[in-house]
Amino acid sequence: MSRPGSHGTLLTVAPTGAEHAKVDVPQLPVTLEELVATAEACEQVGAAMVHVHVRGADARPSLDLGLLKETVAALRERTGLIVQLSTGGAVTDPEADRLRVLDALPDSASCTMGTVNFGDDVFMNRWGFVVALHEAMRERGIVPEYEIFDIGQLASLRRLLDRHGLPAGGKVHVDLVMGVPGGMPGDAETLTAALRLLPEGASFSATGIGRATLPVMLTALASGGHLRVGMEDTLSYAKGQPVRDNAQLVARAAGLARIAQRPPLSPADARALLGVRSPVQV
């Protein structure tokens, strides 16, 4: 079965996340300059989209709207990447702050399709909040990426689309986040099972957490899917070998995509795949 965009591969880089501490991972990009320089380096080796969590002056996760707007503007000024903001934040962030992320007007934003155990924590995503995100993104012309942490959340996505219509851009793109403790396992069997539940015509990316990185990456490529990689999701390049930087992970994904004869999509091609409009030039 041919899937949308399967002639190439959309590579998304998730460079920072909200879980790792700078003091433990010195190479983690947390300042605005570090983040933008990372995005530039990743674009050069094949990334077309950047999935962004921002940090404050104390290097801790932040949903400060001013920081978010500044980050979106800097990434647009210095890269051609699709800028996607996380509405997940940290697992403790209140819903109102997570919704306010959309006021930074990124190209895309995440929309997690249900509550999931997240290690020792709970990542709460009530149905009403999911609907509010979906509708607020459509009002602002922001294209969602529906993040799926467990297979049952794909049924919730079908319910969302049936009851509330297509998202901004008119296309459905899913990211299968696999290997989170408490979510679906990161293996070929689970990914294959998930594909049977994708909405018709949807494109998908897959993210393998930690040691699930390579099995998920290889299975996704063989299944016509796209890839998300980055230090948000893994800090190990190989057994006993820490990640040097995000560009190292993107370069590996780009190399595997070329081996699969599905080379990295340009940002322009990725915009067409996802239905992301070009940013307004001011």
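Heads up: numbering here begins at 1 and tracks the sequence.
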Above 12 or not: heavy atoms from other molecules or residues under 6.0 Å from CZ of Arg140?
yes
Taking the six-membered ring of Tyr237 as reference, does the cationic atom of Arg252 (NZ for Lys, CZ for Arg) lie under 6.0 Å from its centre and within 45° of its axis?
yes
Begin from the C-alpha positions of Thr207 and Asp175 and carry the test side chain to side chain donor-acceptor pair (under 3.5 Å) through to its verdict.
CA-CA 7 Å; Thr207 305; Asp175 182 37; 3.0 Å; yes
By ring pair (Phe, Tyr, Trp, His ring centres under 6.0 Å) - contacts of Phe123 (at least two apart):
Phe149
Hydrophobic cluster membership, Val131 vs Val172, 4.5 Å side-chain cutoff
yes
Is there a side-chain contact between Leu11 and Leu265 in this structure, where contact means two heavy atoms from C-beta onward sitting under 4.5 Å apart?
no
Tell me whether Arg262 contacts the main-chain N or O of Leu221 through its side chain, where contact means a donor paired with an acceptor under 3.5 Å.
yes
Can you tell me how far the CD atom of Gln27 sits from the NE2 atom of His20, to the nearest 0.5 Å?
10.0 Å
Is Arg78 salt-bridged to Glu33, going by a charged N under 4.0 Å from an acidic O?
yes
Could you walk me through whether Leu160 and Met113 pass side chain to side chain contact (heavy atoms under 4.5 Å, CB included), step by step?
CA-CA 9 Å; Leu160 179 73; Met113 284 308 305; 4.0 Å; yes
Considering all heavy atoms, the nearest Ser110-Gly88 contact:
OG-N, 4.0 Å
Does Asp120, at its CG atom, have more than 12 non-hydrogen atoms belonging to other residues, nucleotides or ligands within less than 6.0 Å?
no
Donor-acceptor contact present, side-chain Thr38 to main-chain Pro29, <3.5 Å
no
Taken to the nearest 0.5 Å, the spacing of Leu198 CG from Leu157 CG works out to 8.5 Å
Would Val30 and Leu35 count as a side chain to side chain contact (heavy atoms under 4.5 Å, CB included) here? Give the steps.
CA-CA 6 Å; Val30 298; Leu35 177 62; over 6 Å; no
Count I, L, V, M, F, W, Y as connected when their side-chain heavy atoms are under 4.5 Å apart, and connections chain through other members. Are Met231 and Met217 then in the same cluster?
yes
Flag the pair Val83 / Ser108 as yes when at least one side-chain heavy-atom distance between them is below 4.5 Å, and no otherwise.
no
Heavy-atom side-chain proximity of Asp187 to Pro215 below 4.5 angstrom:
no
Quick one about His173 and Ser203 (side-chain donor to acceptor, distance below 3.5 Å, no hydrogens or angles considered), yes or no?
yes
Can you find a heavy atom in the side chain of Leu105 that is under 4.5 Å from one in the side chain of Val72?
no
Side chain of Lys22, backbone of Leu28: donor and acceptor closer than 3.5 Å?
yes
Cluster question for you: counting only ILVMFWY and a side-chain heavy-atom cut-off of under 4.5 Å, with indirect links fine, are Leu197 and Ile148 together?
yes
Rounded at 0.5 Å granularity, tell me how far CD1 in Ile82 sits from CD in Glu145.
10.0 Å
Given the rule in the side chain to side chain contact (heavy atoms under 4.5 Å, CB included) test, do Ser205 and Val174 qualify, once you have shown the distances and angles that lead to the verdict?
CA-CA 6 Å; Ser205 292; Val174 168; over 6 Å; no
Indicate yes or no for a side-chain donor-acceptor contact from Thr234 to the backbone of Ile209 under 3.5 Å, with no hydrogens or angles considered.
no
Would you confirm whether Thr190, through its side chain, and Gly186, through its main-chain N or O, come within 3.5 Å as a donor-acceptor pair?
no
Assigning hydrophobic clusters by single linkage (Ile, Leu, Val, Met, Phe, Trp, Tyr; side-chain heavy-atom cutoff under 4.5 Å), is Leu227 placed with Val250?
yes
Keeping Ser223 on the side-chain end and Gly225 on the backbone end, is there a donor-acceptor pair under 3.5 Å?
no
Pairs where residues 146-163 contributes a residue and the test side chain to side chain donor-acceptor pair (under 3.5 Å) is met, not counting sequence neighbours
His134-Tyr146, Glu147-Arg228
Check whether any side-chain heavy atom of Val50 lies under 4.5 Å from a side-chain heavy atom of Thr79, and answer yes or no.
no
With a 4.5 Å cut-off on side-chain heavy atoms, are Val116 and Val180 touching?
no
Interatomic spacing from CG in Leu75 to CG in Leu32 - rounded to 0.5 Å
7.5 Å
Taking atom CD as the centre, does Gln241 end up with more than 12 heavy-atom neighbours from other residues, nucleotides or ligands that are less than 6.0 angstrom away?
yes
Quick check: does any side chain N or O of Asp97 sit under 3.5 Å from a backbone N or O of Pro94, one acting as donor and the other as acceptor?
no
Taking Glu70 for the side chain and Gly66 for the main chain, is one N or O donor matched with an acceptor at less than 3.5 Å?
no
How many angstroms lie between OG1 in Thr112 and CE in Met124, if you round to the nearest 0.5 Å?
13.0 Å
When you compare the side chain of Arg76 with that of Leu81, does any pair of heavy atoms fall below 4.5 Å?
no
Between Arg271 and Asp107, is there a salt bridge with N-O shorter than 4.0 Å?
yes
Cluster link Leu85 to Val143, ILVMFWY, side chain under 4.5 Å:
no
Side-chain heavy atoms of Gln84 within contact of Pro106, under 4.5 Å:
no
Say whether, by atom type as modelled, one donor and one acceptor occur between the side chain of His51 and the main chain of Ala14 under 3.5 angstrom.
no
To the nearest 0.5 Å, what is the distance between NE2 on His53 and CZ on Arg55?
9.0 Å
Is the backbone N or O of Arg98 less than 3.5 Å from a side-chain atom of Thr87, with the two atoms forming a donor-acceptor pair by type?
no
